[in-house]
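What follows is a single structure, written as structure tokens, with notes after it.
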Protein chains: 2
Amino acid sequence: MEKVGIKEIAAQANVSIATVSYVLNGTRNVRLNTKERVLRVIEELNYKPNDIAKSLKSKKTNTIGVIAEDVTVFNVPEIIDGINDYADRHDLHIVLTNLRLHRRVGHHYADVEAYRKYAVNAVSDLLAKQVEGMIYIGIHPRDVTGLIDTQGKPIVYTYCYAQNDLSIQYNDEQASYDAVRYLFNKGHRRIAVITGLMDSIPSRLRFNGYYKAITEYELPFEPQLIKVGDWGLDSGLRLTKELLELSEPPTAILVMNDVMAVGTLRAAREKGVGVPEDLSIIGFDNREFSDYLNPRITTMALPLHEMGYSSMRSLLRLVNGEDADPEQVPQCVLLERDSVAPPKR
Amino acid sequence: MEKVGIKEIAAQANVSIATVSYVLNGTRNVRLNTKERVLRVIEELNYKPNDIAKSLKSKKTNTIGVIAEDVTVFNVPEIIDGINDYADRHDLHIVLTNLRLHRRVGHHYADVEAYRKYAVNAVSDLLAKQVEGMIYIGIHPRDVTGLIDTQGKPIVYTYCYAQNDLSIQYNDEQASYDAVRYLFNKGHRRIAVITGLMDSIPSRLRFNGYYKAITEYELPFEPQLIKVGDWGLDSGLRLTKELLELSEPPTAILVMNDVMAVGTLRAAREKGVGVPEDLSIIGFDNREFSDYLNPRITTMALPLHEMGYSSMRSLLRLVNGEDADPEQVPQCVLLERDSVAPPKR
DNA sequence: CTGTTAGCGCATTCAC
DNA sequence: GTGAATGCGCTAACAG
């Protein structure tokens, strides 16, 4: 474990350290003979370059900092995977910072002050490490403008927004529009919706898509078919019961996340309503368990991998001083499973 | 965004760069007056130290490399979270490498050659970045001896093993022993088990625990109560049916993962067997969905966070040249939910 | 094609 | 209590 450096190699191979550097980086042509000799010594001495020194000199770290609000929240790992996918192909490295928000502030992520210090620290550390840029991965889509200051370094937000910076999001409105269209094409005319909390951006956007589809297909807009949930299983259970107790219940429900959809499934079972024979259900998020439920539920898959990949690509453009490309917005895709069928009537 | 360095500060504050370094690191006493002046200039110029340069000089990066076989596999994020937990408290940084094994080689993780190149690359990169040590997070407990060579740098494996290095694992045998004891204490005497693939270490260990408990409690050892599954939902479904068709079916089943337990639940439903009235079930892993099933299933929670935390702690000892501590093995804990009840008879 | 040399930004010895 | 000087390991002019 002796630390062999470039100069050791140079000595052993009877060349200058510059030459070694050249063969190492291919920066310049080196006579084949010389090159082989150097390479052999490198092999023999088991030399490993020191990126730290290289970075200091070249002022390039080839490293980007990823700030994840919480790696244990379902959307984050897939996004990281997408980031890695792109990074691998472009010889970039990742320094990961995990804010551990879920554990530290629970559901109070709306209260920015509660975790500003963590975020600011993370940025400081990353800046000190001379990252070329940063990606910030939220655990809930919301505006985090002003949370951090990257001192001019490029940053891309994903799964959340910031007003003066680029952010990569999926198309919520389109997704729920597509879901309703799918139900319509299956023959459904009374389509209910169970939303998430209405102060959340995705809820609004998804509702817009629902409303737009209802309008375009000239379906009756009935307020009693619209239920406001809170993303939790119990609200799905409760609201579905309300829906099923209507004098004219819906034949299909668009539920804005898979967790509430579990509640919907339970309500249906309790009421003796068959899914999908009597009631069709579409969930949102493609949570892993949605495939384990009975029936397996049809759900809108979030393009998480693509969001990570795309964030990285856009960031790289910023780092290279190019324009943020007129990126197309990642689209959700409907996973057809067993919770949707044509209505009986 | 001018790059202000230590020498800028020195000039503005009329001191030498050495002095600035002293106040920055508290390496030596500096007259209060001078110190304040320096601090003020640092503030004004918004100076951020350059860790790269610092590391080059001090030969310490305070960074450890984490090699995750795949961040999208359920056990990994929690382990990373534990690592971060410890790292945060000790001012350590994490460079994350994601091998993306699941995506790249699917279930062929037994075939080491299929991904050796990725692993070796990861280690090279980390070594070049001068990490102080590494943690390797597996996606399935197995022996990965010889996969990588860290050139003498300390490494700790978790959720997998390597023969000549430290590895942090949870106590599989104890866990399943505890599960059986729990069932016994609830009054069960005919306790079946559905294992995972028997070439997997956890299956063996968990079976040992089952066997030990059966023996100690002097329960009849009946081979027909032992079913070998493959970790997949379908095997849980199929094997549970077999169990329920026995002339004298079990009153409880220990299922070695939650995914197969979903199959068990389905089989019971198809057979009209009530859970937990007619059949008690204990799963393994505490997968998120185990709380969404109907009934919510009682399961063995893996101490993932602790494994990450503990890996980091042990690694730090190695880095500091201390002995790997006689670490106690992280224990699983049984999460009591709704899938276990006393047997009817 | 190859060698010499000057730093990158900072910590640290050694003088004062 | 403070400063001047040295070098960490490497890259990239600049000279041959």
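Just so it is clear: chains get the letters A, B, ... in the order the sequence lines come, proteins before strands, and each one is counted from 1.
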Separation of [N] [atom2] from [X] [atom1] (nearest whole Å):
{"X": "A/K60", "N": "D/dC10", "atom1": "NZ", "atom2": "P", "result": "19 Å"}
{"X": "B/R37", "N": "D/dG1", "atom1": "CZ", "atom2": "C1'", "result": "12 Å"}
{"X": "B/I52", "N": "D/dG7", "atom1": "CD1", "atom2": "P", "result": "23 Å"}
{"X": "B/I17", "N": "D/dA5", "atom1": "CD1", "atom2": "P", "result": "11 Å"}
{"X": "A/K57", "N": "D/dG7", "atom1": "NZ", "atom2": "P", "result": "17 Å"}
{"X": "B/L24", "N": "C/dC10", "atom1": "CG", "atom2": "C1'", "result": "10 Å"}
{"X": "A/N14", "N": "C/dT2", "atom1": "CG", "atom2": "P", "result": "13 Å"}
{"X": "A/I6", "N": "C/dG3", "atom1": "CD1", "atom2": "P", "result": "12 Å"}

As a test of reading the structure: which of [options] is closest to the side chain of [X], going by heavy atoms?
{"X": "B/S21", "options": "D/dT2, C/dA11, D/dG1", "value": "C/dA11"}
{"X": "A/T27", "options": "D/dA12, C/dC10, C/dA11", "value": "D/dA12"}
{"X": "B/R31", "options": "D/dG1, D/dC8, C/dG3", "value": "D/dG1"}
{"X": "A/V15", "options": "C/dG3, D/dA12, C/dT12", "value": "C/dG3"}
{"X": "B/K59", "options": "C/dG3, D/dG9, D/dG3", "value": "D/dG9"}

Select base, sugar-phosphate, or nothing to describe what [X] touches, counting heavy atoms under 4.0 Å on all strands.
{"X": "B/V20", "answer": "nothing"}
{"X": "B/K54", "answer": "sugar-phosphate"}
{"X": "B/D51", "answer": "nothing"}

task = Decide if atom CG of B/D323 counts as having more than 12 heavy atoms of other residues, nucleotides or ligands within a radius under 6.0 Å.
result = no
ask   = So with a 6.0 Å cut-off around CG of B/N320, is the heavy-atom count from everything else above 12?
value =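 Enclosed.
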Quick one: is [X] getting a side-chain N or O under 4.0 Å of the [N] phosphate, OP1 or OP2?
{"X": "B/N25", "N": "C/dA11", "answer": "yes"}
{"X": "A/T34", "N": "C/dT2", "answer": "yes"}
{"X": "B/Y22", "N": "C/dT13", "answer": "no"}
{"X": "A/S16", "N": "C/dT2", "answer": "no"}

task = Verify salt bridge (Lys or Arg N to Asp or Glu O under 4.0 Å) between B/D70 and B/R103, making sure each step is shown before the conclusion.
result = CA-CA 8 Å; B/D70 198 314; B/R103 288 280 167 74; over 6 Å; no
ask   = With nearest nucleotides of DNA chain D determined for B/S58 and B/N29 from heavy-atom distances, which residue corresponds to the more 5′ nucleotide?
value = B/N29
Cation-pi, B/Y118 ring and B/R104 (6.0 angstrom, 45 degrees) =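 Cation-pi check for B/R104 and B/Y118: passes.
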message = With a 4.5 Å cut-off on side-chain heavy atoms, are B/E69 and B/I137 touching?
response = no
ask   = Just by distance, do the side chain of A/R37 and the backbone of A/A13 share a donor-acceptor pair under 3.5 Å?
value =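 Yes, A/R37 side chain to A/A13 backbone: donor-acceptor pair under 3.5 Å.
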query = Does B/L56 or B/R28 map to a spot on DNA chain C nearer the 5' end, using the closest nucleotide for each?
reply = B/L56
